[in-house]
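First up is the structure itself, then whatever we jot down about it.
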Amino acid sequence: MCGIVGYIGGRTALPFLVDGLKRLEYRGYDSAGIATVGESGLELVRAKGKLHNLKEKLNGAAHSTGTVGIGHTRWATHGKPEEHNAHPHTDASGRLAVIQNGIIENYAELRLHLKERGCLFKSETDTEVIPHLIACHLAGHSLLEAVLAAVGKLKGAFAIAVVSADFPDELIVVRQQAPLVIGFGEGENYFASDVPAIVSHTTRVLTLQDGECARLTRDEVQIHDFSGARLRRTPRSLNWNPSLVEKRGFRHFMLKEIHEQPGVIRDTLEDRIGDATGPIRLGLSSDLFADLERIYIIACGTSWHASLVGKYLIEELAGIPTEVNYASEFRYCPPPLNLRTLVIGVSQSGETGDTNAALTAAKARGVRLLGITNRPESSLGALVGELIDTRAGMEIGVAATKTFTAQLVAFYLLALHLAHLRGTRSGERIREILVGLQQLPAQIEGILDTQERYITELAREFDATRDFIFIGRGLNYPIALEGALKLKEISYIHAEGYPAGEMKHGPIALLDSEVPVVAVAVPGKVYEKTLSNAQEAKARDARLIGVAPLDEPAAVETFDQILPVPVVDEILSPILTVVPLQLLAYHIAARRGLDVDQPRNLAKSVTVE
Ligand code: M6R
């Protein structure tokens with residue numbers, strides 16, 4: 001959830017830290033802070049709220065010249081988003097500083113114990129126990145030994161970084177179930193929660209594993225396990241383009257990422273389907289699917305919505321019973337699993353605490369695991385044996401867009417692969433769908449080219465709207481859920497998604513002329529039924545917006561406004577119907593002047609359970 005970053009080298013650490021925090025701000029923005037070590041000892045600057053508050057404070061102060069430093073951007077768990085709770089936290093001497101991403105579950109007990117030993121606490125955070133614990137173990141020990149002794153007392157999931165004015169030529173980082181990547185430079189080394197913070201400095205990186213820590217000096221990175229034993233690890237080269245983490249002329253990352261979707265879909269398909277006549281090349285072992293009886297998909301949020309479409313596709317095309325579970329529920333209410341069960345974890349970040357905890361619990365029960373993510377190097381990637389890389393790359397906007405459509409494409413490929421293996425669909429039908437998938441990027445380009453201005457105008461009409469309802473049926477029901485989630489998370493307008501046929505069983509009571517209804521209605525099995533459900537809303541004075549074909553008389557007759565989508569094979573429609581809903585949510589939020597990329601209370605990667 002929080003972002004952590006650090007530098008040790010020959011240059012002043014501050015510019016790297018501030019730039020790194022800017023690139024990690026999507027992980028949390030309740031407060032920010034830095035600690036540097038230089039000739040004048042340890043300097044600490046912290047500020048409540050977004051990074052620009054910290055920058056203002058730094059501008060007003062004498063510049064730190066320290067060449068070792070750590071920085072933190074916070075998503076509050078323990079303690080309100082106030083300056084005294086901002087990281088870094090220090091020990092009593094004020095010479096040692098710690099940042100942490102995660103949760104120290106036994107902090108209350110440790111705090112009590114430390115208070116009894118005379119430690120004074122200045123914050124309500126769980127993290128503050130760490131510098132005090134380290135200080136208790138420093139006498140006669142190296143910084144690494146003291147940190148490891150302290151870590152031995154911690155329970156929870158965390159990534160920690162430590163600097164000390166008494167050890168000015170090193171910094172220590174620790175990883176236990178929270179992401180941490182180390183970057184290797186020339187005469188300088190870096191670490192961060194995620195690669196965007198370091199990719200413009202180096203592409204030589206090493207992902208620390210759970211139970212590992214590292215001692216970074218200017219010229220060396222030593223990796224150890226928690227017993228202190230030295231480990232041999234080799235950095236890898238990142239195939240990353242730093243422009244992925246720039247806005248490239250768009251007002252917000254979210255808008256840029258919506259516009260990246262055609263390219264992402266092309267990348268996801270590339271070299272996997274050839275000319276659509278041969279098997280789909282997902283690079284998965286055939287053992288994964290042998291004698292398969294049932295599939296469980298585990299995900300959260302938008303990835304959960306993609307999984308609902310995935311369930312539909314797998315059942316429809318390959319005939320395998322499939323259930324979708326919220327990761328946060330699966331772990332504590334697990335269904336019966338056997339060795340003929342495949343569990344699929346879906347996540348854009350690959351670092352979602354709920355999803356990874358549920359996958360870990362499933363793994364312990366011996367089932368087969370498959371991951372679907374755009375971050376193969378993530379914790380999820382390390383957890384699952386087999387993986388489909390959706391190739392969506394890094395997504396910065398907190399509201400998921402391109403990673404969602406890429407997950408959908410991955411599910412089409414998987415479902416068609418299973419249909420091919422099991423012979424549940426003819427080669428001709430498989431080819432039809434694959435050819436349709438290849439046409440989607442151009443069709444999305446058409447939607448983006450023609451609708452952006454219209455939707456910008458339409459957004460003006462919802463300045464005072466308090467509630468929205470989104471409806472859809474079949475495989476467009478998850479798209480209604482996704483449209484509602486996009487709108488609520490970035491515009492703070494209350495929005496609900498319902499299966500269109502379910503409205504009459506209760507939610508229809510919410511409707512009046514003040515509540516717009518957005519219906520996803522595309523020709524196919526449930527088209528007429530969805531239009532009828534939309535008419536039922538219209539009869540209650542609701543204003544009706546349809547995501548529907550423009551030239552369909554029934555749609556023109558039904559809807560007050562149409563956000564047009566081309567007519568395609570119904571099974572492919574979710575990838576098109578979601579795009580106008582992303583644009584609608586974006587333009588309503590942007591028009592309200594809200595912080596689209598960093599909506600309140602949220603974080604891009606939710607690493608706590
Ligand atoms: O990284 P993940 O896909 O595992 O994240 C899951 C959810 O936290 C995420 O989809 C969240 O709902 C987004 N803010 C949706 O836009």
Side-chain angles (χ1 to χ4, degrees), residues 1 3 25-29 75 177-179 193-194 196 252-255 257-258 261 264 297-310 324-331 343-360 371-381 383-384 387-390 392-408 410-411 470 478-479 481-492 495 497 578-579 581-586 589 594-609:
M1 312 286 295
E25 211 182 6
Y26 67 88
R27 300 179 66 86
Y29 27 85
W75 186 85
Q177 294 177 337
S193 300
D194 205 349
H252 293 102
F253 278 109
M254 181 181 175
L255 190 59
E257 287 155 359
I258 290 173
Q261 292 180 108
V264 164
I297 312 179
I298 301 173
C300 307
T302 287
S303 297
W304 187 79
H305 297 156
S307 304
L308 291 178
V309 177
V324 184
N325 289 70
Y326 282 117
S328 52
E329 293 297 314
F330 183 94
R331 184 175 179 192
V343 173
I344 306 179
V346 185
S347 170
Q348 66 77 27
S349 63
E351 299 296 348
T352 298
D354 288 323
T355 306
N356 290 347
L359 285 172
T360 306
I372 297 183
T373 183
N374 40 301
R375 304 297 302 274
E377 76 289 0
S378 63
S379 304
L380 180 142
L383 194 59
V384 293
L387 190 117
I388 303 177
D389 178 358
T390 71
M394 179 80 202
E395 188 174 67
I396 306 277
V398 163
T401 52
K402 65 172 181 172
T403 53
F404 174 71
T405 39
Q407 288 168 352
L408 292 186
F411 271 121
F470 290 73
I479 300 305
L481 292 175
E482 178 60 7
L485 177 62
K486 286 289 88 84
L487 185 68
K488 67 184 132 188
E489 68 181 336
I490 59 171
S491 74
Y492 317 145
V578 75
V579 177
L581 299 185
Q582 296 169 339
L583 287 173
L584 184 67
Y586 171 79
L594 297 171
D595 191 342
V596 173
D597 286 333
Q598 295 175 350
R600 70 184 179 203
N601 304 340
L602 297 180
K604 184 66 182 164
S605 131
V606 185
T607 54
V608 294
E609 274 186 72

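Atoms within each ligand, like the ligands themselves, are counted from 1 in listed order.
- Tested against K604, the residues E489, E25, E257, E395 include a single salt bridge (charged side-chain N to carboxylate O under 4.0 Å, His left out) partner, E395.
- Scored by the side-chain hydrogen bond (donor to acceptor under 3.5 Å, both in side chains) test, N374 finds no partners at all (sequence neighbours excluded).
- Ligand 1 places these atoms under 4.0 Å from at least one heavy atom of S303: 2 (P), 3 (O), 10 (O).
- Counting only heavy atoms of the protein, atom 1 (O) of ligand 1 lies nearest to S349 OG, 2.7 Å.
- Checking side-chain atoms of D597 against main-chain N and O of F253 turns up a donor-acceptor pair under 3.5 Å.
- A salt bridge links R375 with D194: the distance from a Lys NZ or Arg NE/NH1/NH2 to an Asp or Glu carboxylate oxygen falls below 4.0 Å.
- With no hydrogens or angles considered, a side-chain donor-acceptor pair links Q407 and S303 at under 3.5 Å.
- Every atom of ligand 1 with a heavy atom of K486 under 4.0 Å away is listed here by number and element: 15 (C), 16 (O).
- Of the protein's heavy atoms, V606 CG2, 4.1 Å lies nearest to atom 8 (O) of ligand 1.
- Polar contact with ligand 1: absent for Q407 (N/O pair, distance under 3.5 Å).
- Of the protein's non-hydrogen atoms, C300 O, 3.7 Å is the one closest to atom 7 (C) of ligand 1.
- Side chains of Q348 and T302: no donor on one and acceptor on the other come within 3.5 Å.
- Where the criterion is an N or O separation shorter than 3.5 Å, residue side chain and backbone included, T355 fails it with respect to ligand 1.
- Aromatic pair W75/Y29: ring centres not closer than 6.0 Å.
- Between A400 and ligand 1, at least one N/O pair is under 3.5 Å apart.
- Within the listing of ligand 1, atoms 13 (C), 14 (N), 16 (O) sit less than 4.0 angstrom from a heavy atom of V398.
- Under the side-chain hydrogen bond (donor to acceptor under 3.5 Å, both in side chains) criterion, Q261 pairs with T405, Q582, sequence neighbours left out.
- T302 N, 2.9 Å is the protein heavy atom nearest to atom 10 (O) of ligand 1.
- Residue-to-ligand polar distances keep K604 apart from ligand 1: every N/O pair is separated by 3.5 Å or more.
- Close approach of ligand 1 to A399 (heavy-atom distance below 4.0 Å) involves ligand atoms 16 (O).
- No side-chain donor-acceptor contact under 3.5 Å links E351 and S378.
- Between G301 and ligand 1, not a single N/O pair is under 3.5 Å apart.
- Residue E489 approaches ligand 1 through these ligand atoms, each under 4.0 Å from one of its heavy atoms: 13 (C), 14 (N), 15 (C), 16 (O).
- Contacts between T352 and ligand 1 below 4.0 angstrom, taking non-hydrogen atoms only, involve the side chain exclusively.
- Within the 4.0 Å heavy-atom criterion, neither part of E351 lies near ligand 1.
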Trace of the side-chain contact (heavy atoms from CB on, under 4.5 Å) decision for D354 with V606: CA-CA 8 Å; D354 288 323; V606 185; 5.6 Å; no
